[in-house]
Amino acid sequence: MTFRAHGKQILASDGTHIADVATDAWASRIAALLNLPAWLDARADRVCKRSRMAARLYRVIADDLRARLHEG
């Protein structure tokens with residue numbers, strides 16, 4: 001799932017409203033942080049052919065971030 005900022009709102013890829021924040025800048029930062037695990041997974045897919053250890057590290061970090069985001 002990807003997230004995007006629309007003004008002061010954070011929306012999921014299907015348009016579902018996730019949260020409101022104080023400023024547009026905060027909305028964009030939070031959306032970028034929520035998209036970080038997906039970016040790391042994509043990076044792991046690209047690196048996989050060159051370095052299996054780097055790909056594994058990207059996936060471990062992405063899984064850890066995903067778990068921490070869904071904890072609370």
Side-chain angles (χ1 to χ4, degrees):
M1 176 183 299
T2 57
F3 299 90
R4 65 185 173 89
H6 182 71
K8 294 180 181 181
Q9 296 181 340
I10 300 170
L11 304 172
S13 58
D14 60 358
T16 305
H17 178 262
I18 302 296
D20 289 323
V21 294
T23 65
D24 297 350
W26 274 107
S28 353
R29 286 182 191 131
I30 292 169
L33 289 172
L34 289 171
N35 287 325
L36 188 57
W39 180 85
L40 287 168
D41 282 336
R43 181 78 178 161
D45 290 340
R46 285 192 302 259
V47 169
C48 188
K49 294 176 179 99
R50 290 176 282 173
S51 173
R52 292 172 77 83
M53 287 300 291
R56 175 78 179 133
L57 181 63
Y58 281 127
R59 285 199 175 93
V60 166
I61 293 170
D63 289 344
D64 185 53
L65 284 173
R66 222 177 262 114
R68 288 173 190 254
L69 286 172
H70 296 290
E71 235 175 39

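Excluded from the calculations below are hydrogen atoms, water molecules and symmetry mates; all remaining heavy atoms, backbone and side chain alike, are included. Because the structure is a prediction, the values reported are computed rather than measured.
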Fellow cluster residues of Val60, listed by chain then number, with links counted only when side-chain atoms sit under 4.5 Å apart: none
Which atom of Gln9 lies closest to which atom of Ala27, heavy atoms considered: O-CB, 4.0 Å
Only distances under 3.5 Å count here; give the side-chain donor-acceptor pairs of residues 29-41 to other protein atoms, sequence neighbours excluded, each with its distance to 0.1 Å.
| unit_1 | atom_1 | unit_2 | atom_2 | d |
| --- | --- | --- | --- | --- |
| Asn35 | OD1 | Phe3 | N | 2.7 |
| Asn35 | ND2 | Phe3 | O | 2.7 |
| Asn35 | ND2 | Ala31 | O | 3.1 |
| Asp41 | OD2 | Arg66 | NH2 | 2.4 |

All side chain to side chain donor-acceptor pair (under 3.5 Å) counterparts of Arg59, not counting sequence neighbours: Asp45
Same apolar cluster: Val47 and Leu65, side chain cutoff 4.5 Å: yes
All pairs passing side chain to side chain donor-acceptor pair (under 3.5 Å) where residues 12-26 contributes a residue, at least two apart: Asp14-Thr16, His17-Asp20
